[in-house]
Amino acid sequence: MARIDLHLHTTCSDGSCTPAEVIARAQKANVTALAITDHDIVTGLPEAMEAGRNAGIDVIPGIEVSSRHGTSEVHILGYYLDWRDPTLLAHLDGYRQARHRRNPLIIEKLRALGIDITYEEVKTLAGTDAVGRPHIARVLMDKGYVGSSKEAFDRYLADGAAAHVPRELPSPAEAIQIIRAAHGIPVLAHPSWVDGKDGIYALCAQLKDAGLGGIEVHYSTHKPDQTAQYLDTAQRLGLLVTGGSDFHGVTKPDIEVGTGRGQLKVPEKLLEPLRAAAATGR
Ligand SMILES: [Zn+2]
Ligand SMILES: [Zn+2]
């Protein structure tokens, strides 16, 4: 059955499939439209768009920007943005530089814990400028220190874990502003990640005032009651409804393009309102 997937990562950030490989998987899953939403980087878009044209899949330019709201990391997706916009590119470069300042500090902490790892190894494995913790996790896996990416985060990399280093992040309002300035539609990613179940409505209301355009209601790990709650929040606030798998390849091996953990189905009908909003700048 035809479906769409508006949240996908490639080797240009922390995914393990190239943009062309992601398109090939999407084709197999009957995905008719998709968005590549790499973290802080847009370099995968030309390859994805070309592969999409050849496969008859509509490829929407996207991005995922991390921000901090209290103790939560809040991720803002951006759709249909002018991905060549120089101001946008300068902001994204700044975010990647913040990662480059943080990563060596994490490596230092890991080495102090007796782990044999260098930042050079991590950069080589990453093969992209958007180097982040998932790449460190993969080196830890490859060297046998942990059995999975999740274990690497739980033991070493997550907030409160042994080698955690806080990252400089913009506020959600700033992330929204940057996407709007590049004529994109900002959407709150995976609302289930935000602390405090009851806080989502208030957060979305506040972010709507800052320019938020939608909520990622459909997501690989959302349970039916969560999907219903976020749908209700979107409808009450007049926000767009989107959805995606957050496919990463080997880093999240249980999540597939288009189908997530098997039960995901993002309806095709969600695309037109998003496209219309982008066209009218609303
Ligand atoms: Zn995210
Ligand atoms: Zn993501």
Side-chain angles (χ1 to χ4, degrees), residues 4-19 21-22 25-26 31 34-45 48 59-79 81 83 92 95-96 98-99 126 128 130-138 149-150 153 157-159 167 169-172 174-176 178-179 184-195 200 203-204 207 212-222 226 230 242-261 264 266:
I4 62 174
D5 189 339
L6 303 179
H7 191 159
L8 297 157
H9 295 275
T10 77
T11 44
C12 295
S13 65
D14 56 352
S16 64
C17 292
T18 64
E21 285 165 353
V22 170
R25 283 185 185 233
V31 169
L34 60 82
I36 299 294
T37 55
D38 276 313
H39 299 282
D40 304 337
I41 198 160
V42 292
T43 51
L45 295 178
V59 176
I60 295 144
I63 191 75
E64 184 171 21
V65 175
S66 303
S67 69
R68 186 176 327 280
H69 175 74
T71 54
S72 289
E73 245 192 54
V74 170
H75 293 181
I76 307 290
L77 297 157
Y79 296 115
L81 71 183
W83 54 279
L92 297 180
Y95 297 152
R96 296 197 300 273
R99 289 174 186 269
T128 166
V131 187
R133 290 181 298 172
H135 299 117
I136 299 175
R138 265 159 63 193
S149 179
K150 185 181 180 307
F153 272 83
L157 303 173
D159 199 355
R167 182 177 151 205
L169 288 172
S171 69
E174 284 168 334
I176 287 167
I178 284 155
I179 291 166
I185 302 296
V187 170
L188 175 66
H190 40 65
S192 53
W193 285 26
V194 179
D195 289 344
I200 279 294
L203 176 66
C204 289
L207 295 184
L212 187 73
I215 305 176
E216 190 176 44
V217 168
H218 304 276
Y219 187 69
S220 291
T221 59
H222 284 174
Q226 291 176 309
Y230 305 139
T242 73
S245 64
D246 209 359
F247 171 78
H248 278 75
V250 294
T251 318
K252 296 184 181 181
D254 56 333
I255 290 172
E256 192 42 76
V257 176
T259 52
R261 285 182 173 166
L264 184 73
V266 185

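Every number for a ligand or one of its atoms is a count from 1 in the order of the listing.
- Backbone or side-chain N, O or S atoms of His9 reach the Zn ion (ligand 2) at under 2.8 Å.
- Ion pairing between a basic and an acidic side chain is recognised when a charged N comes within 4.0 Å of a carboxylate O; Arg167 and Asp40 show such pairing.
- Donor-acceptor pairing under 3.5 Å is recorded for the side chains of Glu64 and His7.
- A salt bridge links Arg261 with Asp254: the closest approach of a Lys/Arg side-chain nitrogen to an acidic carboxylate oxygen falls below 4.0 angstrom.
- From Cys204, atom SG reaches atom CD1 of Ile215 across 3.5 Å, with rounding to the nearest 0.5 Å.
- The atom of His190 nearest to the Zn ion (ligand 1) is NE2, with the search restricted to N, O or S atoms.
- Glu64 has its closest N, O or S atom to the Zn ion (ligand 2) at the position named OE1.
- Of all N, O or S atoms in Asp246, the one lying closest to the Zn ion (ligand 2) is OD1.
- Closest approach between the Zn ion (ligand 1) and any N/O/S atom of His75 involves ND1.
- Not a single N/O/S atom of His7, whether from backbone or side chain, sits less than 2.8 Å from the Zn ion (ligand 1).
- The aromatic rings of Tyr219 and His222 sit tilted relative to each other, their planes meeting at an angle between 30° and 60°.
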